[in-house]
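These numbers come from the heavy atoms of this one structure, side chains and all, not from hydrogens, waters or symmetry mates. Since the model is a prediction, treat every value here as computed from it, not as a measurement.
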Amino acid sequence: MPAGGFQACCRPIELFAIIRLVPNETEAILSLQGLSKVYPGTVALQGVDLQIRRGETHGIIGKNGAGKTTLVGIVAGLIRPTAGVVRVNGHDYARLTRIAARKLGVAIVPQEPQMVQEATIAENLFMPDYVRRANGTLVDWFAMQRAAADILRKGNLNLDVRTKAADVGPGVQQILLMLRASYVEQAEIIILDEAFASLSEREERLFYELIRERKQAGCTILHISHRIDELLQVCDRMTVLRDGRSIRTVRREEVDKDSLAALIVGEDQEHRGAVPTRAVPTRAVPTRAEVRRGDGEHAARKVFPEQPPVLVVERLTLAERFHNISFAVHRNEILGIAGLIGSGRTSILKSIFGLEPHDSGVVRLNGKEVAIDSPITALRHGVVYLPEERDEEGLVTSLSVRSNLVLSALRRVANRFMIDKIREQELARSLAGQLALTFASFDQEVSELSGGNRQKVVVGKVLSTEPQVFLLDEPTKGIDIAAKTGLLHIIRDELRANAAIIVTSPGLDDLMEICDRIIVVYDGTLLGSYRAREFQEERLYKAIQGNVVQGDETP
């Protein structure tokens, strides 16, 4: 990447309105009929019917867990359906493989760029079908680089095709994947699975330009997103998924931001009242149905007006991540940070922990200003962080369950310069019992555990340090319902007993179940703060989309 970053490598373009071509009103290039997917203990999709017209941009939207990723995974040939039919260009398929989907002209641009980082841009664009010489055996590197350069010009990217993928940012990589789907694979149906999540404003403009060009060429775009504004800007029609079902398909002109948000959350949310509040910390976590109906006890959740906060954040700012973030959290309190992917919620936690040191602002612990510029400093101050990507950042997968549990608390099990094996075993056994870990042996490699148990090991690792502040970044990500319920119990009943907790989630259900307060972050800005008695799903959902209702509490 040339000096000056992305802006220097792109030709300047003007803002424009997406041209909405009128798609064929009768011809469906893609139809889903009775599509279902059942996992053990979970119904991800149930009888979904959907018609995608040739040449349209069709949005798919819904809350976390609505079934969006499963649906597009089936269409792209990545997931095998339990029942139903996928019809592409008039031909029915009980299932598609990835190879079959590609042959049918279906391409996918995933949320996380999937490129070979050490390969060049040209190689990534054509991989694995490299341009070959006339004899068909040898790669024609010069012809491939010329073709790649031509493709980059079409995407308004001024990059050397010999640049490694690792040397450009994730946003540029997403654009390259869109270019590959468009001009190398020449796909008739392009699936954008949360592809805008990591894009800067300028990169979004380039992506919109590509979408417009593809529509003019007759290509069909299936656009999956959490962002209502994004879909309203680019889509001709949108389908709402809720709890694995297709609820309704609407035309762009039929809805606005508020009505689409109400459709996503469900009818009558405003009349269901706030979720029940709970005593701390002994009562069981209520079911989602109880939360939504307002069933159960109505004792107020714990409020902390008298005791001083453990952690105070004042005007925290990190360029291009978040701006002027201020909040406080008390001992025994669970504070939730809600926001869409890319809103800045993860960066806020990383900044407090010293992984992404902030540019300005103040962090106070127990009333004293502290300078946390690294994770080591954070740990010394009793602040621990549970990362979103547990296998990459939270575990040493080649080590045993025992070693991972005590890894952050070696001072508690060390005897001068040696590990006291008895103390190590006692601490590991105590943590395993506290977390209800299921495993064959303490000597078992942690990589052999289930996703839920691996996540519990990460929690045990941070719990072993006896911190005063827990920073939990999507702690229930990627685990099944039973493991999630158990982990929520642990957070509410165990972790907060002697500490303050800040927890993030892209969805609302987990936060509404365990939090005393929820603050909402949108586009790096703190928009609102809600106490438990104010938790209403539709109200909070509108807030994370950037629509704050008048009268919402100031953070």
To the nearest 0.5 Å, how far apart are CG in D359 and CG in L318?
5.0 Å

Between atom CG of L78 and atom OG1 of T70, what is the distance when rounded to the nearest 0.5 Å?
11.0 Å

Does K542 use its side chain to pair, donor to acceptor, with the backbone of D258 at less than 3.5 Å?
no

Whether E209 and R205 form a salt bridge (side-chain N of Lys/Arg under 4.0 Å from carboxylate O of Asp/Glu) is what I want to check.
no

If every non-hydrogen atom of I325 is compared with every non-hydrogen atom of G524, which pair is closest and at what distance?
CD1-O, 3.8 Å

Side chain to side chain contact (heavy atoms under 4.5 Å, CB included), that's the test. Do L71 and V48 meet it? Break it down for me.
CA-CA 9 Å; L71 185 149; V48 171; 3.9 Å; yes

Enumerate the residue pairs fulfilling ring-ring contact (aromatic ring centres under 6.0 Å, His included) with a member in residues 69-111, sequence neighbours excluded, ordered by first and then second residue.
none

Indicate yes or no for a side-chain donor-acceptor contact from T82 to the backbone of V38 under 3.5 Å, with no hydrogens or angles considered.
yes

I'd like to know if the side chain of H358 pairs up with that of S351 as donor and acceptor (distance under 3.5 Å, no hydrogens or angles considered).
yes

Under 3.5 Å, side chain of D49 to main-chain N/O of G34, donor-acceptor pair present?
yes

Find the distance between CD1 (I518) and CG (L511) and round it off to the nearest 0.5 Å.
5.0 Å

Which distance, rounded to the nearest 0.5 Å, do you find between the NZ of K350 and the CG of L355?
6.5 Å

Got a sec, which pairs hit salt bridge (charged side-chain N to carboxylate O under 4.0 Å, His left out) with one end in residues 72-86, sequence neighbours left out?
none

Note: D193 and I108 closest approach over all heavy atoms is CB-CD1, 4.5 Å

For the student: nearest non-hydrogen atoms of Y541 and K63, plus distance
CE1-CG, 4.0 Å

Determine whether the side chains of T476 and D510 contain a donor N or O and an acceptor N or O closer than 3.5 Å.
yes

For the side chain of R98 and the backbone of A76, is there at least one donor-acceptor N/O pair under 3.5 Å apart?
yes

With sequence neighbours excluded, residues passing side-chain hydrogen bond (donor to acceptor under 3.5 Å, both in side chains) with R214:
none

Under 3.5 Å, is there a donor-acceptor pair between the side chain of T220 and the main chain of I189?
no

Contacts of type side-chain hydrogen bond (donor to acceptor under 3.5 Å, both in side chains), residue S505, not counting sequence neighbours:
none

Kindly indicate whether the side chain of L152, heavy atoms from C-beta on, has any atom under 4.5 Å from the side chain of L179.
yes

Could you work out, with side-chain contact (heavy atoms from CB on, under 4.5 Å) as the rule, every residue matching A107, not counting sequence neighbours?
A181, E185, A187

Residues in salt bridge (Lys or Arg N to Asp or Glu O under 4.0 Å) contact with E213, at least two apart in sequence or another chain
none

Run the numbers on D236 and K215 for salt bridge (Lys or Arg N to Asp or Glu O under 4.0 Å), then give the verdict.
CA-CA 11 Å; D236 302 296; K215 285 191 55 158; 2.8 Å; yes

Does the S326 side chain pair with the main chain of R315, one donor and one acceptor, at a distance under 3.5 Å?
yes

Hey, what do you get for CE (M238) to OG1 (T57), rounding to the nearest 0.5 Å?
11.0 Å

Given side chains that start at C-beta, do those of I352 and Y385 come closer than 4.5 Å, heavy atoms only?
no

Under a 3.5 Å cutoff, is there a donor and acceptor pairing between the side chains of Y530 and Q536?
no

ring-ring contact (aromatic ring centres under 6.0 Å, His included) involving F322 - partner list, sequence neighbours excluded:
none

Is the backbone of A66 close enough, under 3.5 Å, to the side chain of R242 for a donor and an acceptor to pair up by distance?
no

Is it the case that the side chain of D92 and the backbone of R87 share a donor-acceptor pair, with hydrogens and angles ignored and the cut-off at 3.5 Å?
no

Steps toward side chain to side chain contact (heavy atoms under 4.5 Å, CB included) verdict (L192, I211)
CA-CA 10 Å; L192 305 179; I211 291 173; 3.9 Å; yes

May I ask you to decide if A28's main-chain N or O and Q51's side chain share a donor-acceptor pair within less than 3.5 Å?
no

Exercise: identify the closest heavy-atom pair between R180 and Q114:
NH2-O, 4.4 Å

Closest approach of L177 to P110 (non-hydrogen atoms, all atoms of both residues):
CD1-CD, 4.2 Å

So the salt bridge (charged side-chain N to carboxylate O under 4.0 Å, His left out) pairs with at least one residue in residues 220-232 (sequence neighbours excluded) are D229-K257

Gap between atom CD1 of I221 and atom CD1 of I224 - 0.5 Å precision
10.5 Å

salt_bridge(R531, E534) N-O dist < 4.0 Å
no

Please step through side chain to side chain contact (heavy atoms under 4.5 Å, CB included) for the pair L176 and N124, ending with a clear verdict.
CA-CA 9 Å; L176 291 171; N124 272 285; over 6 Å; no

With sequence neighbours excluded, what pairs up with T249 under the side-chain hydrogen bond (donor to acceptor under 3.5 Å, both in side chains) test?
T239

Please lay out, stage by stage, how E188 and R54 fare under the test salt bridge (Lys or Arg N to Asp or Glu O under 4.0 Å).
CA-CA 9 Å; E188 285 190 274; R54 187 180 301 277; 3.2 Å; yes

How close do A147 and F126 get, counting heavy atoms only, and between which atoms?
CB-CZ, 3.6 Å

Looking at E538 and A261, would you say the former's side chain and the latter's main chain have a donor-acceptor pair under 3.5 Å?
no

Evaluate the side chain to side chain contact (heavy atoms under 4.5 Å, CB included) criterion for residues L472 and T504: first the C-alpha distance (whole Å), next the side-chain angles of each, then the deciding distance (0.1 Å), finally the verdict.
CA-CA 6 Å; L472 309 180; T504 74; over 6 Å; no

Taking the six-membered ring of Y183 as reference, does the NZ or CZ atom of K154 fall below 6.0 Å from its centre and within a 45° cone about the axis?
yes

Table please: side-chain donor-acceptor pairs of residues 335-346 below 3.5 Å, with sequence neighbours left out.
from, atom 1, to, atom 2, distance (Å)
S343, OG, L340, O, 2.8
R345, NE, G339, O, 2.8
R345, NH1, E474, OE2, 3.1
T346, OG1, D473, OD1, 3.2
T346, OG1, D473, OD2, 3.0

In chain order, what residues pass the side-chain hydrogen bond (donor to acceptor under 3.5 Å, both in side chains) check against E356, with sequence neighbours excluded?
S347

Determine all donor-acceptor pairs shorter than 3.5 Å in which one atom belongs to a side chain in residues 115-123; sequence neighbours excluded.
from, atom 1, to, atom 2, distance (Å)
Q117, OE1, Q173, NE2, 3.2
Q117, NE2, M115, O, 3.2
Q117, NE2, Q173, OE1, 3.2
E118, OE1, K164, NZ, 3.0
T120, OG1, E123, N, 3.1
T120, OG1, E123, OE1, 3.4
E123, OE1, T120, N, 2.9

